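Structure first, commentary second.
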There are 2 protein chains.
Amino acid sequence: MKFSPSELDTARDAVIFRDLIDAEFDPVITAATLRELGDGAYYFMEEDPANTAYVLIEGKVKLTQITPDGQQVILGYLVPGRVFGIIAILKKVTYPVSAEAVGKCRALAWDRPTMNGLMEQSPRLALNALRIMAGQIREFQNRVRELSTQRVEQRVARAVLRLARQSGRKTEQGVLIDLPLSRQDLAEMTGTTLFTVSRVFKEWEKRGLVASKRQQVTILIPHGLVMIAEDLPLNVDDANLPTDSNLWV
Amino acid sequence: MKFSPSELDTARDAVIFRDLIDAEFDPVITAATLRELGDGAYYFMEEDPANTAYVLIEGKVKLTQITPDGQQVILGYLVPGRVFGIIAILKKVTYPVSAEAVGKCRALAWDRPTMNGLMEQSPRLALNALRIMAGQIREFQNRVRELSTQRVEQRVARAVLRLARQSGRKTEQGVLIDLPLSRQDLAEMTGTTLFTVSRVFKEWEKRGLVASKRQQVTILIPHGLVMIAEDLPLNVDDANLPTDSNLWV
DNA sequence: TCCACAATTTGCGCCAGCGCAAAGACGTTG
DNA sequence: CAACGTCTTTGCGCTGGCGCAAATTGTGGA
């Protein structure tokens with residue numbers, strides 16, 4: 001067997017393989033290659049010809065773009081089970097972002113001919129890919145809307161909450177974001193500067209909403225951040241509101 | 001025959017039907033319905049269940065989103081030949097944007113079962129749809145990057161140039177943007193206010209870069225706008241630079 | 001253990017862009 | 001042609017957020 005049981009499990013649960021029957025899934029795994037990268041290495045760079053699609057099995061991957069003048073923008077982080085570089089199913093396209101390993105990473109890989117062949121055998125696979133791309137469009141549209149209409153503090157709050165949902169780990173004190181996350185990183189995710197992020201965080205800490213060490217963030221009162229993200233007034237009483245409010249979709 | 005020859009031509013040239021042979025294209029047209037809307041009417045609204053995909057044949061369509069607090073954001077304008085609502089090929093999804101007719105519009109329409117059937121007959125059609133979605137992802141990623149890193153004047157310049165490429169019409173004086181385009185509209189496209197757009201335009205007019213009447217914009221010196229969009233210094237000599245510079249990709 | 005480097009905080013100055021109000025320009029309609 | 005509604009401009013005040021420099025606090029490695 002090429003892969004460990006836990007690797008197989010993660011792959012089996014990946015969104016792109018959802019609802020595949022074993023007869024469809026087995027050939028997929030058989031055709032896969034494992035690609036392991038260390039911290040800071042790149043699966044691919046923006047503008048490279050897109051020839052390989054991946055499913056992340058272990059670790060975290062950071063998606064970035066670089067502006068012409070060298071400024072970096074972080075589009076987001078991937079967690080195990082997420083597909084990336086799926087654009088490689090198309091001929092003659094380039095990756096629109098760079099994919100960088102954050103810590104040690106393992107990912108399954110398929111080149112275009114292989115993946116195309118698999119999709120022909122399994123329409124559901126192609127459909128899933130389509131659905132994922134549709135989701136990405138939606139996500140970026142929302143991102144555009146956020147950047148257009150919200151101010152920095154709200155955007156930072158949203159970014160933190162997004163990360164918490166993806167990579168959050170419950171601890172005694174609250175939800176720890178399980179990523180090395182600097183002020184600079186958050187600035188690049190929200191279109192601001194590390195200084196402004198630092199000030200925002202200091203304010204939040206003063207209010208007891210979050211705690212943070214260097215490159216590490218813990219959310220103490222998620223509800224408080226949601227209030228900020230939604231631009232709702234933050235009353236003293238809010239701490240007693242039911243936490244199952246569906247404000248956060 | 002259901003459609004006029006010019007309608008057929010526009011459809012034939014639509015990106016989504018690119019490289020289809022007649023044997024593939026004919027059933028597509030046969031299955032199409034024509035949907036005509038007047039100014040301000042909506043093909044669909046954000047959050048509606050997505051059941052119909054369209055190809056615009058005549059007129060312009062505006063794509064918008066509304067923020068929870070009622071602010072509108074313009075994602076872009078469509079011109080004849082563009083597909084929209086393509087997300088409807090998937091089951092159980094909702095439109096992520098609203099599509100509003102700007103002036104009188106005609107569009108071909110297919111419901112999901114029909115379009116899915118067509119795609120099964122014509123893999124190329126499905127592939128084109130995929131490619132279009134990939135292009136949209138790329139476009140929105142760039143938009144996010146712009147909003148994160150550029151300042152208002154640059155973003156407005158880019159928006160104007162984008163519109164000019166899509167809907168520009170050459171006149172004696174320059175390139176006329178063939179759309180009713182208010183300051184408010186530009187503000188909603190670039191994430192700023194109509195006041196700021198107004199001030200930016202006044203400045204550009206003073207410099208002779210553009211001319212504008214109410215709801216109407218003409219670019220007099222495209223190269224000048226490109227310089228602003230690229231954040232390059234605008235020297236007096238620039239007017240003499242070769243216009244085929246590949247700065248604008 | 002100590003050093004060198006990376007991340008963070010903080011003070012200070014500044015200005016791009018927002019918000020609002022009011023006035024002006026333009027089109028449209030009865 | 002008069003009156004109304006919409007779009008646009010402009011003045012004014014204000015502030016959120018940027019930029020930079022310098023101090024401070026970790027942290028990982030030699």
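In this text the structure is predicted, and so the values were computed from the model without any measurement.
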Going through the checks in order, is the side-chain hydrogen bond (donor to acceptor under 3.5 Å, both in side chains) test met by S212(B) and R183(B)?
CA-CA 10 Å; S212(B) 78; R183(B) 305 290 183 253; 2.7 Å; yes

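- Between R214(A) and dA6(C) there is no side-chain N or O to OP1 or OP2 distance below 4.0 Å.
- Between E188(A) atom CD and dA7(C) atom P there is a gap of 11 Å when expressed in whole angstrom units.
- If you check the side chains of R35(A) and Y54(A), you find a donor sitting under 3.5 Å from an acceptor.
- Checking R155(A) against L194(B), the closest nucleotide of DNA chain D that is more toward the 5' end is the one next to L194(B).
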Are Y42(B) and E100(B) close enough, and set up right, to give a side-chain hydrogen bond (donor to acceptor under 3.5 Å, both in side chains), and what steps lead you there?
CA-CA 4 Å; Y42(B) 284 83; E100(B) 177 189 352; 3.3 Å; yes

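- Across the protein-nucleic acid pair, R183(A) atom CZ and dG26(D) atom P stand 12 Å apart, rounded to whole Å.
- The NZ-P distance, from K213(A) to dT27(D), rounds to 8 Å in whole Å.
- Atom C1' of nucleotide dA7(C) and atom CZ of F201(A) are separated by 14 Å, given to the nearest angstrom.
- In this model, the phosphate group of dC7(D) is not approached by any side-chain N or O of S182(B) to a distance below 4.0 Å at OP1 or OP2.
- At whole-Å resolution of the value, CD in E203(A) and P in dT9(C) are 13 Å apart.
- Side-chain contact between V160(B) and L225(B) is present, with heavy atoms from C-beta onward closer than 4.5 Å.
- Among the protein residues, F195(B) comes within range of the nucleic acid bases, having at least one heavy atom under 4.0 Å from a base atom.
- For the pair K202(A) NZ and dT8(C) P, the computed distance is 11 Å after rounding to whole Å.
- Not one side-chain nitrogen or oxygen of T196(A) sits closer than 4.0 Å to the OP1 or OP2 atom of dG16(D).
- Heavy atoms of Q215(A) sit under 4.0 angstrom from primed sugar atoms or phosphate atoms, though from no base atom.
- Protein atom NZ of K206(A) is 19 Å distant from nucleotide atom P of dT8(C), rounded to whole Å.
- Distances shorter than 4.0 Å separate none of the side-chain N or O atoms of S198(A) from OP1 or OP2 on dT8(C).
- Counting any heavy atom pair closer than 4.0 Å across all strands shown, R199(A) reaches a base atom.
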Pair D231(B), D69(A) - check side-chain contact (heavy atoms from CB on, under 4.5 Å), show working.
CA-CA 10 Å; D231(B) 197 21; D69(A) 60 317; over 6 Å; no

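- L181(B) has its CG atom 18 Å from the P atom of dC26(C), to the nearest Å.
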